[in-house]
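Starting from 1, each residue takes its place in the sequence as its number.
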Amino acid sequence: MLFHPHGKSYIFAPLLIILLSACTSNPALMPTPNLYVSTPYSEAQVPKNLHTTSMELLYVTDRAVPEKEGVMYNASRSPSIAYGVAKVNFGDKSLQWGELLEQSNFKNRSANLTYVMEKADELGRFPLSPYKFRRVKNKLQIDEDILERKIFHETQLNKNINQRLKNSNNKDVILFVHGFNNTFNESVFTLAGIWHFLNRQGVPIVYSWPAAATGLTGYFEDKESGQFTIFHLKETLRLLFKNPEIENIHIIAHSRGTDVVTTTLRELIIENRASGGNPREDLRIENLILAAPDLDFGIIKQRLMAEQFGPAFGQITIYTSQEDSALGISQWLTNSLSFGRLNTKDVNINEQDIFTSVGNVSLIKVPKSGSLIGHDYFHSDPAVSSDLINLILHKASPGSKKRPLQKLENNFWSLDSNYLIKKDAANLQN
């Protein structure tokens, strides 16, 4: 451990890296959400052509391609956006769909459901950014050749999305943006689990930015890479907004990924309003989900609330935990209040009035995690994942039958570990 008399970051940076790291490079399928304890996971809800142990997810990334064999993308930055299809399977190749279906209902599984990245096929790559441009009659225009190639790849990616939309009962896109120190594979595995328990409805897209830098300064390198990726995420979202086949977009952002997402969306909302648009109608973002957000609440107030950020979305859901050790260290390092550890007493009367007037912002206090770190609860805690799934599948409001959260005060709600488990089912589990 290093010591520097003028900087806390030199003391605790190694600890922060450990705390905010992804759990494992070969994770198993996330725990079965509580909602499937009472109501079994049914293949009738899954599109027939997806009754398979393998899963395909679209991805968009600005990670660089390494020379190292066996690694598709690393933590270095690429000036161009790549897109493709990641195929994920389970470790035991003898596993059949029926057994996966059965195991998806068990709290304690008997089969090996460890993920394996079977392959990641890059389908295309956008032109290098920044794009070359020129001035024409006092207007800036992208070079015609670059614009042509850009439009080509936008069209190809949207065609791929539309093909997959045809197999879904809903015409939605689920976009996942990971946090600090997540590799490309880990980001894909996380969304694969969530999408599986979303009955494989909609089109899953992983946006994987250049995280997981190594060494003592890894957290700070990742933080800067989060700023680097903003333009590329804006380009990705713009092509989704232009696709008329997509009815709703659900964005799930975790940890440092919440900074990437909110910064990007803030700029796009300002851009949309400046052109005379209505971001709620034009962007079609039904859910913005911020899980364990590694964000300074003071900055949130001045950059998002002050910009009237909330009305641009159907619902904004923030999952918070006072026991999140990773955010506790981050909060101490920056000497600021972390949005992901927000409590009712941290919101003053003026801010309460703003939350209330917007009407679509919910802060969910999650149960204490069983893990030491308690940072990945949005998919590792069966109660929290249940709430997230019903939020996306049913667009349910907090306090409704589908999401029986307990009202605390103002916009704060809570859920306990038996959330969405019926009493008789809970007794069987004990």
Go through the steps for Thr183 and Asn185 under the test side chain to side chain donor-acceptor pair (under 3.5 Å), then give the verdict.
-> CA-CA 5 Å; Thr183 65; Asn185 284 11; 5.7 Å; no
Is the closest side-chain heavy-atom distance between Arg63 and Ser208 below 4.5 Å?
-> yes
Are His153 and Leu123 side-chain neighbours, meaning at least one heavy-atom pair lies under 4.5 Å?
-> no
Closest heavy-atom pair and its distance - Phe297, Leu342 = CD2-CD1, 3.7 Å
For Arg403, what residues pass the salt bridge (Lys or Arg N to Asp or Glu O under 4.0 Å) criterion, not counting sequence neighbours?
-> Asp387
Tell me yes or no: between the side chains of Glu43 and Trp97, is some donor less than 3.5 Å from an acceptor?
-> yes
Student check: side-chain heavy atoms of Lys395 and Asn248 closer than 4.5 Å = yes
Closest contact, heavy atoms only, Phe184 versus Ala120 | CE2-CB, 4.1 Å
Output yes when a side-chain donor or acceptor of Ser225 lies under 3.5 Å from a complementary backbone atom of Glu221, and no otherwise.
-> yes
OG of Ser397 to NZ of Lys402: how many Å apart, nearest 0.5 Å?
-> 13.5 Å
Answer yes or no: is there a donor N or O on one side and an acceptor on the other, between the side chain of Asp324 and the main chain of Ala292, under 3.5 Å?
-> no
Is Asn105 reaching over with its side chain to a backbone N or O of Leu101, donor-acceptor style, under 3.5 angstrom?
-> yes
Carefully, step by step, assess His196 and Leu29 under the rule side chain to side chain contact (heavy atoms under 4.5 Å, CB included).
-> CA-CA 9 Å; His196 174 67; Leu29 176 65; 4.1 Å; yes
Hey, is the main chain of Gly202 close enough, under 3.5 Å, to the side chain of Ser168 for a donor-acceptor pair?
-> yes
Spatial distance of atom CG (Asp259) from atom CZ (Phe180) [nearest 0.5 Å] | 14.0 Å
Could you check Ile289 against Ile251 for side chain to side chain contact (heavy atoms under 4.5 Å, CB included), going step by step and ending with a plain yes or no?
-> CA-CA 6 Å; Ile289 300 167; Ile251 300 177; over 6 Å; no
Least distance between heavy atoms, Ala212 atom then Asp222 atom = N-OD2, 2.8 Å
For Glu118, enumerate each residue passing the salt bridge (Lys or Arg N to Asp or Glu O under 4.0 Å) test, keeping only those at least two apart in sequence or located in another chain.
-> Lys87
Say you draw a straight line from CD1 of Ile205 to CD1 of Ile161; how long is it, rounded to the nearest 0.5 Å?
-> 4.0 Å
Taking every non-hydrogen atom, the tightest pair across Thr236 and Tyr207 = OG1-CE1, 3.6 Å
Output, in order, the C-alpha distance, side-chain angles, deciding distance and verdict of side chain to side chain contact (heavy atoms under 4.5 Å, CB included) for Val361 and Phe313.
-> CA-CA 9 Å; Val361 180; Phe313 310 96; over 6 Å; no
State which residues pass side-chain contact (heavy atoms from CB on, under 4.5 Å) with Arg303; sequence neighbours excluded, sorted by chain then number.
-> Thr263, Arg266, Ile299
For the residue pair His232 and Trp209, establish whether any side-chain heavy-atom pair is separated by less than 4.5 Å.
-> no
Heavy atoms, side chains only, cut-off 4.5 Å: are Val384 and Leu415 in contact?
-> yes
Any Leu408 side-chain heavy atom under 4.5 Å of Lys365 side chain = yes
Applying ring-ring contact (aromatic ring centres under 6.0 Å, His included) to Phe152 and not counting sequence neighbours gives none
Taking only residues two or more places apart in sequence, or in another chain, which ones meet Glu122 in a salt bridge (Lys or Arg N to Asp or Glu O under 4.0 Å)?
-> Arg125
Do Leu393 and Leu198 have side chains that get closer than 4.5 Å, going by heavy atoms?
-> yes
State the CD1-CG distance between Ile246 and Leu240, to the nearest 0.5 angstrom.
-> 4.5 Å
Step by step, would you call Val88 with Phe189 a side chain to side chain contact (heavy atoms under 4.5 Å, CB included)?
-> CA-CA 8 Å; Val88 176; Phe189 295 154; 4.0 Å; yes
Looking at Val85 and Tyr59, what are the two nearest heavy atoms and their distance?
-> N-CE2, 3.4 Å
Minimum-distance pair of heavy atoms, taken over all atoms of Asn199 and Pro47 | O-CD, 3.5 Å
Are the side chains of Met72 and Pro66 in touch, meaning some heavy atoms are under 4.5 Å apart?
-> no
Just jot down the side-chain contact (heavy atoms from CB on, under 4.5 Å) partners of Thr53, sequence neighbours excluded, or say none.
-> Asn89, Phe90, Leu95, Leu100
With sequence neighbours excluded, residues passing salt bridge (Lys or Arg N to Asp or Glu O under 4.0 Å) with Arg238 = Glu235, Glu271
Once you round to the nearest 0.5 Å, how far does OG of Ser414 lie from CD of Gln406?
-> 4.0 Å
Worked verdict on Thr32 versus Arg109 for side chain to side chain donor-acceptor pair (under 3.5 Å) = CA-CA 9 Å; Thr32 300; Arg109 298 170 184 145; 3.0 Å; yes
Check for a donor-acceptor pair, side chain of Asp282 on one end and backbone N or O of Asn278 on the other, with a separation under 3.5 Å.
-> yes
Pair listing, side-chain hydrogen bond (donor to acceptor under 3.5 Å, both in side chains) test, anchored in residues 284-293, at least two apart | His250-Asn287, Arg280-Glu286
Within the distance-only criterion (no hydrogens, no angle test), does the side chain of Asp62 pair as donor or acceptor with the backbone N or O of Ser78 below 3.5 angstrom?
-> no
side-chain contact (heavy atoms from CB on, under 4.5 Å) partner of Leu157, chosen from Ile81, Leu239, Asn243 | Leu239
Is there a donor-acceptor pair closer than 3.5 Å between any side-chain N or O of Ser386 and the backbone N or O of Asn34?
-> yes
Does anything in residues 162-181 pair up under salt bridge (charged side-chain N to carboxylate O under 4.0 Å, His left out), and if so which pairs, sequence neighbours excluded?
-> Glu56-Arg164
Tyr377 side-chain N/O to Tyr319 backbone N/O, donor-acceptor pair under 3.5 Å | yes
So, the side chain of Ser255 versus the backbone of Gly257: is there a donor-acceptor pair under 3.5 Å, distance only?
-> no
Residues at least two apart in sequence or cross-chain that pass ring-ring contact (aromatic ring centres under 6.0 Å, His included) with Tyr419, listed by chain then number, are none
Excluding sequence neighbours, so at least two apart, what forms ring-ring contact (aromatic ring centres under 6.0 Å, His included) with His254?
-> His375, Phe378
Contacts of type ring-ring contact (aromatic ring centres under 6.0 Å, His included), residue Phe197, not counting sequence neighbours = Tyr36, Tyr41
Heavy-atom donor-acceptor pair, Asn162 side chain to Asn158 backbone, under 3.5 Å | yes
Distance col, row Leu363:CG vs Thr317:OG1, nearest 0.5 angstrom, shows 9.0 Å
